[in-house]
Amino acid sequence: MKKLTIAIDGPAGAGKSTVAQIVAQRLNYVYIDTGAMYRAITWQAICQNLSGEDVKDIIQIARSCDLRLVYQNDKTHVSVDGVDVTEQIRLPEVSRMVSAVALIPEVRAEMLVLQRNMGSEGGVVMDGRDIGTHVLPGADVKIFLTASIPERARRRWLELQQKGFAIEFEQMQQEIITRDKIDSEREAAPLMQAADAILLDTTGLGIEEVVQAILQVCKERL
Ligand code: DC
C-alpha cells in the first residue's frame, strides 16, 4: 500500500507532537519532530554560553554538529555529536531561546536538508511550523493544528508542572504569545497554514478526537 507523507504544522501547544506521534504509531509510520532539531541546536548554544544574538556561532553549530533523531520505543531520541539531549531540549531556557535560533536562515537551511532527507521516503508524519509550506510542499496530507492561546498555555503549563517546573500560568501565556509572534513574523519560512492544509482547532477536543479526524483524512487520501 502507498505510504503517505503527512505534514502537521501549528503553533506551540496546539498538540502537534502528541497527536503526530499517535498517528504515526497507528499507521506504523516514522514520526519526525522538527522542533526538536531547532531545540537541539539551541541546547548546544546554551552549553557554549551563547545567546540568541551570537548568530555566527550558532550557524557554526548547525553546520558542524552531528544531529540525529532516532525514533525508538515510541519516543524520539535526539542526539548531538553522540550525546543524548532528549531531556535537556525540553528545559524552559531552551523554549525561551529556540524561536531566536529558528529565525536564522542559515540554521533553517541546514535543518531543511536533514528534514527533506528524512521525509523523502514517505511513511512519515512530520510536525513543525513550515512543513506543509516549505519542507514538504508536496505532502499527501497537510494539517494545521491550532487552539486558543489560554488552552495552549494551559497544556504547556501542565506539561511543565508534571516535570516539576513551577512556572506562573500568566508567564506561560506570555511566552506562548511571544513565540507565536516571532515564529509567524520571521522572514524565513514563517509559521503559516499552507493553502491546501486542513485547519483543525483542537480547543476543547480530546486527543483521540483529533487523531481520528487526521486518520480519516489519511484514509480518504489512500
Ligand atoms: O514545536 P516546538 O515547540 O518544539 O518548536 C520549537 C521552536 O522551533 C518553535 O519556537 C519554532 C521552531 N520551529 C520552526 O521554526 N520550524 C519548525 N519546522 C519546527 C519548529
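Order of listing sets the numbers, starting from 1, for every ligand and every atom in it. In what follows, residues are counted from 1 in the order of the sequence shown. Everything quoted here is computed from the prediction, not taken from an experiment. Hydrogens, waters and symmetry mates are skipped; everything else that's a heavy atom, side chains included, is used.
Remark: side-chain polar atoms of Asp127 are paired, donor with acceptor, to backbone N or O of Ser17 under 3.5 angstrom. Trp43 contributes no side-chain N or O that, together with a main-chain N or O of Val85, makes up a donor-acceptor pair within less than 3.5 Å. For the pair Tyr29 (side chain) and Leu4 (backbone), a donor-acceptor distance under 3.5 Å is present.
By the 6.0 Å contact criterion, CD on Glu168 is open, its count of non-hydrogen atoms from other residues, nucleotides or ligands being 12 or less. By the 6.0 Å contact criterion, CG on Leu222 is enclosed, its count of non-hydrogen atoms from other residues, nucleotides or ligands being greater than 12. The environment of Lys181 atom NZ is sparse: at most 12 non-hydrogen atoms of other residues, nucleotides or ligands sit within 6.0 angstrom. Within a 6.0 Å radius of CD in Glu208, more than 12 heavy atoms belonging to other residues, nucleotides or ligands are found.
Looking at atom 20 (C) of ligand 1, its nearest protein heavy atom turns out to be Gly35 CA, 3.5 Å. Among protein heavy atoms, the minimum distance from atom 18 (N) of ligand 1 is reached at Asp130 OD1, 2.8 Å. Atom 3 (O) of ligand 1 has Arg179 NH2, 2.4 Å as its closest protein atom, hydrogens excluded (heavy atom only).
At least one N or O atom of Arg129, backbone or side chain, sits closer than 3.5 Å to an N or O atom of ligand 1. Checked against a 3.5 angstrom limit, the closest N/O atoms of Asp33 and ligand 1 fall outside it. Among the atoms of Asp127, none of the N or O lies under 3.5 angstrom from an N or O of ligand 1.
Near Val98, meaning under 4.0 Å from any of its heavy atoms, are these atoms of ligand 1: 6 (C), 7 (C), 8 (O), 10 (O). Short contacts between ligand 1 and Ser99, defined as distances under 4.0 Å to a heavy atom of the residue, involve ligand atoms 10 (O). Residue contact check: Ala102 has heavy atoms under 4.0 Å from atoms 12 (C), 15 (O) of ligand 1. Interface atoms of ligand 1 facing Gly128, defined by a heavy-atom separation under 4.0 Å, are 17 (C), 18 (N), 19 (C). Residue Arg156 approaches ligand 1 through these ligand atoms, each under 4.0 Å from one of its heavy atoms: 3 (O). Close contacts of ligand 1 with Arg39, meaning ligand atoms under 4.0 Å from a residue heavy atom, involve 2 (P), 3 (O), 4 (O), 6 (C).
Among Ile214, Ile8, Val141, Asp33, the single residue meeting the side-chain contact (heavy atoms from CB on, under 4.5 Å) criterion with Val125 is Ile8. Results of the side chain to side chain donor-acceptor pair (under 3.5 Å) test with Thr202 over Arg152, Glu151, Arg155, Glu209 single out Arg155 as the only residue that passes.
At a heavy-atom distance under 4.0 Å, no atom of His134 approaches ligand 1.
With sequence neighbours left out, the salt bridge (charged side-chain N to carboxylate O under 4.0 Å, His left out) criterion links Asp196 to Lys142.
Taking a 4.0 Å cut-off on heavy atoms, Arg186 registers as neighbouring ligand 1.
Nearest to atom 19 (C) of ligand 1 by heavy-atom distance, out of Thr34, Ile182, Val101, is Thr34. Ranked by closest heavy atom to atom 15 (O) of ligand 1, the top entry among Met97, Arg108, Met126 is Arg108.
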